[in-house]
Amino acid sequence: MKRTIIITGGAGFIGSHVVRLFVNKYPEYRIINLDKLTYAGNLANLKDIEDKPNYRFVKMDICDFEGVYKLMQEEHVDGIIHLAAESHVDRSIKDPFTFAQTNVMGTLSMLQAAKAYWESLPEKWEGKRFYHISTDEVYGALEMTHPEGIEPPFTTKASSGKHHLAYGEKFFTEDLKYQPHSPYSAAKASSDHFVRAFHDTYGMPTVVTNCSNNYGPYQFPEKLIPLFINNIRHRKPLPVYGKGENVRDWLYVVDHARAIDMIFHEGKVGETYNIGGFNEWKNIDIIKVLINTVDRLLGRPEGADMDLITYVTDRAGHDLRYAIDSSKLQKELGWEPSLQFEEGIEETVRWYLDNQEWMDNVTSGDYQRYYDDMYSHR
Ligand code: NAD
Ligand code: TYD
């Protein structure tokens with residue numbers, strides 16, 4: 001079956017993995033990457049597929065309703081996978097307006113354009129899909145009732161490795177009330193509500209997924225894992241917020257892209273699915289793994305760089321613990337993460353060490369100046 005799909009934010013971290021997967025796996029589809037190319041968008045992330053005949057890049061702002069509507073008409077678009085967003089919590093604390101503009105108004109503009117175009121067709125919603133990618137951060141923070149860790153109630157093949165402790169009994173399930181704390185998660189929560197409103201009010205065939213923290217190649221080095229790998233390599237301080245006790249649930253980005261593929265094709269209209277691999281880690285434990293892995297791969301004595309750990313003022317409103325329950329997705333669609341965390345981290349560290357040119361490219365120039373100004377302690 002032929003399809004024409006707009007993937008927004010395809011030049012960013014997760015979007016580039018989704019674009020790559022769809023372009024390679026579905027040569028019969030036409031994949032349009034719609035991206036504004038903000039500081040986080042980088043076409044170098046897609047060098048390997050940019051000449052494929054089923055791929056087109058369009059530089060456009062998702063807030064440009066007219067532009068999106070015309071593009072949908074011109075290309076006869078029948079599917080949207082919407083990832084474009086401002087995605088970094090620390091930036092949202094500094095500049096919440098941009099987050100409301102892109103994440104809320106941008107999503108609304110995409111929804112309105114899709115509604116206007118699809119409603120103008122004789123078959124209307126038939127064969128159409130608007131898939132909105134969101135985050136587990138909309139649920140707020142979970143308590144850490146077991147700081148030493150307990151066996152989690154669920155595991156996957158990928159989480160049955162060495163580390164799969166849970167730090168509390170509660171998990172994020174799809175029916176939980178939204179309780180966002182940061183301007184980033186508040187804006188994402190609002191966009192999720194708009195997507196559901198378009199389903200409930202107009203009958204738009206939507207689906208929403210909320211995923212845990214992703215890691216892997218091509219992540220912008222303002223986020224914990226790529227920032228710290230680069231700093232360890234260059235023996236720069238590692239700014240650990242607070243005591244490093246906050247817990248995040250990590251998923252390899254390619255496994256997220258695989259879930260997106262499955263849910264785009266098989267997910268039930270109007271549903272929400274949580275995506276995660278039951279892989280909770282305290283920040284400080286991950287940081288130690290990163291130090292040991294970088295040191296080993298660079299031929300330094302393992303752990304030689306532990307003294308780079310620098311405790312700094314905590315992030316304002318820092319969510320204590322995220323932990324996704326993805327059993328609905330596992331049960332209904334049979335998705336499971338493919339990689340154990342230890343393998344994924346090793347692959348990720350190798351990738352950043354082997355791609356220093358990519359790293360230098362994204363950490364140079366304007367971005368660096370903005371960043372220096374924003375976090376003077378780095
Ligand atoms: P990212 O910051 O790496 O990339 C965002 C992309 O969106 C960039 O290519 C950027 O140029 C583009 N973009 C931003 N504003 C735009 C606009 N106005 N118009 C068009 N394009 C615009 O983000 P990411 O980490 O890849 O996250 C992608 C999506 O997944 C986001 O919606 C995010 O909320 C969600 N998500 C991320 C994670 C994570 O761990 N990174 C986890 C769960 C969900
Ligand atoms: P981050 O990668 O920004 O993702 P998110 O805030 O969306 O979870 O941060 C992951 C965790 O690492 C989070 O608890 C904040 C912490 N962190 C630091 O301790 N130092 C840093 O420099 C960064 C960027 C994050």
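Both ligands and their constituent atoms are indexed starting at 1 by order of listing. Below, all heavy atoms of this structure are taken into account, side chains as well, without hydrogens, waters or symmetry copies. Since we're looking at a predicted model, the values are computed, not measured.
Looking only at atom types and distance, the side chain of Ser326 has no donor-acceptor partner in the side chain of Asn274 under 3.5 Å away. In the model, Tyr39 has a side-chain atom that pairs as donor or acceptor with a side-chain atom of Glu222 under 3.5 Å. A side-chain donor-acceptor contact under 3.5 Å links Lys223 and Ser87. For the residue pair Asp249 and Trp281, no side-chain donor N or O sits within less than 3.5 Å of a side-chain acceptor on the partner. Counted by atom type alone, His234 and Gln356 present one or more donor-acceptor pairs between their side chains at under 3.5 Å.
Closest approach of Thr206 and His199 over heavy atoms only: OG1-CB, 3.2 Å. Here the closest non-hydrogen pair linking Pro152 and Phe171 is CB-CZ, 4.5 Å. The two residues Leu339 and Gly344 make their nearest non-hydrogen contact at CD1-CA, 3.7 Å. Annotation for Val19 and Gly10: closest pair CG2-CA, 3.8 Å, computed over non-hydrogen atoms.
Taking every heavy atom of Met60 and a limit of under 4.0 angstrom, the matching atoms of ligand 1 come to 19 (N), 20 (C). Residue Glu137 has at least one heavy-atom neighbour below 4.0 Å for each of these atoms of ligand 2: 5 (P), 7 (O), 8 (O). Set against the non-hydrogen atoms of Leu227, the atoms of ligand 2 under 4.0 Å away are 22 (O). In summary, the atoms of ligand 1 found under 4.0 Å from a heavy atom of Lys188, numbered by their order in the structure, are 31 (C), 32 (O), 33 (C), 34 (O). Close approach of ligand 1 to Lys36 (heavy-atom distance below 4.0 Å) involves ligand atoms 16 (C), 17 (C), 18 (N), 19 (N), 20 (C), 21 (N), 22 (C). Under a 4.0 Å criterion applied to the non-hydrogen atoms of Ser87, ligand 1 contributes the atoms 1 (P), 2 (O), 23 (O), 25 (O). Atoms of ligand 2 lying under 4.0 Å from any heavy atom of Pro239, numbered from 1 in the order shown and given with element: 18 (C), 19 (O), 20 (N), 21 (C), 22 (O). Below 4.0 Å from some heavy atom of Ser212 lie the following atoms of ligand 1, by number and element: 42 (C), 43 (C). Listed by number with element, the atoms of ligand 2 under 4.0 angstrom from any heavy atom of His318 are 13 (C), 14 (O), 15 (C). Heavy-atom contacts of Asn213 reach the following atoms of ligand 1: 40 (O) (cutoff under 4.0 Å). Listed by number with element, the atoms of ligand 2 under 4.0 angstrom from any heavy atom of His88 are 3 (O). For ligand 2, the atoms lying closer than 4.0 Å to a non-hydrogen atom of Val240 are 19 (O). Every atom of ligand 1 with a heavy atom of Asp61 under 4.0 Å away is listed here by number and element: 17 (C), 18 (N), 19 (N). Against a heavy-atom cut-off of under 4.0 Å, Val89 is close to the following atoms of ligand 2: 6 (O), 7 (O). Which parts of ligand 1 touch Tyr184 is read off a 4.0 Å heavy-atom cut-off, strictly below it: atoms 33 (C), 34 (O).
Scanning all protein heavy atoms for the shortest distance to atom 19 (N) of ligand 1 gives Ile62 N, 2.9 Å. When only non-hydrogen protein atoms are considered, atom 10 (C) of ligand 1 lies nearest to Thr38 OG1, 3.3 Å. Of the protein's non-hydrogen atoms, Phe13 CD2, 3.8 Å is the one closest to atom 25 (O) of ligand 1. Closest to atom 41 (N) of ligand 1, if we only count protein heavy atoms, is Ile14 CD1, 3.7 Å. Of the protein's heavy atoms, Gly12 CA, 3.5 Å lies nearest to atom 4 (O) of ligand 1.
Scanning Glu222, Lys282, Arg315, Lys243 for the heavy atom closest to atom 24 (C) of ligand 2 points to Glu222. Distances from atom 22 (C) of ligand 1 to the heavy atoms of Ala84, Ser191, Ala40 put Ala84 nearest. Among Tyr241, Tyr322, Trp281, the residue whose heavy atom lies closest to atom 21 (C) of ligand 2 is Tyr241. The option with the heavy atom closest to atom 40 (O) of ligand 1, from among Asp35, Thr98, Asn214, is Asn214. The residue among Ser134, Ala85, Ser109 with a heavy atom at the shortest distance from atom 5 (C) of ligand 1 is Ala85. Closest to atom 15 (N) of ligand 1 by heavy atom, among Leu34, Val18, Thr102, Thr107, is Thr102. Considering each of Asn246, Asn214, Leu224, the one bringing a non-hydrogen atom nearest atom 2 (O) of ligand 2 is Leu224.
In this structure, Met105 places its CE atom where only 12 or fewer heavy-atom neighbours from other residues, nucleotides or ligands lie under 6.0 Å away. Crowding of Glu266 atom CD: a count of heavy atoms from other residues, nucleotides or ligands under 6.0 Å exceeding 12. At most 12 heavy atoms of other shown residues, nucleotides or ligands fall within 6.0 angstrom of atom CD in Glu357.
His17 and Phe22 have their aromatic ring centers separated by at least 6.0 angstrom.
Looking only at side-chain heavy atoms (C-beta outward), Ile31 and Arg56 stay at 4.5 Å or farther from each other. Side-chain atoms of Trp125 and Glu119, non-hydrogen and from C-beta on, do get closer than 4.5 Å to each other. Taking the side chain as every heavy atom from C-beta outward, Lys268 and Val207 never approach each other to under 4.5 Å.
At a heavy-atom distance under 4.0 Å, only side-chain atoms of Asn283, from C-beta outward, approach ligand 2. Contacts between Arg248 and ligand 2, counted as non-hydrogen atom pairs separated by less than 4.0 Å, involve the side chain only. For Val312, no heavy-atom contact with ligand 2 is shorter than 4.0 Å. For Cys63, no heavy-atom contact with ligand 1 is shorter than 4.0 Å. For Phe228, every heavy-atom contact with ligand 2 shorter than 4.0 Å involves the side chain, none the backbone. At a heavy-atom distance under 4.0 Å, only side-chain atoms of Asn213, from C-beta outward, approach ligand 2. Counting heavy atoms closer than 4.0 Å to ligand 1, residue Leu37 contributes backbone atoms (N, CA, C, O) but none from C-beta onward.
A cation-pi geometry, defined here as NZ or CZ lying under 6.0 Å from the six-membered ring centre and within 45° of its normal, does not hold between Arg321 and Phe172. Judged by the 6.0 Å and 45° rule, Arg315 forms no cation-pi pair with Tyr241. For the pair Lys177 and Tyr139, the cation does not sit on the ring face, since its NZ or CZ is not both under 6.0 Å from the ring centre and inside 45° of the axis.
For Cys211, no nitrogen or oxygen atom sits less than 3.5 Å from a nitrogen or oxygen atom of ligand 1, counting backbone and side chain alike.
Taking a 4.0 Å cut-off on heavy atoms, Leu83 registers as neighbouring ligand 1.
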Should Tyr215 and Tyr252 be marked as a ring pair (Phe, Tyr, Trp, His ring centres under 6.0 Å) after you check the CA-CA gap, both sets of side-chain angles, and the distance that decides it?
CA-CA 5 Å; Tyr215 70 97; Tyr252 192 58; 5.4 Å; yes
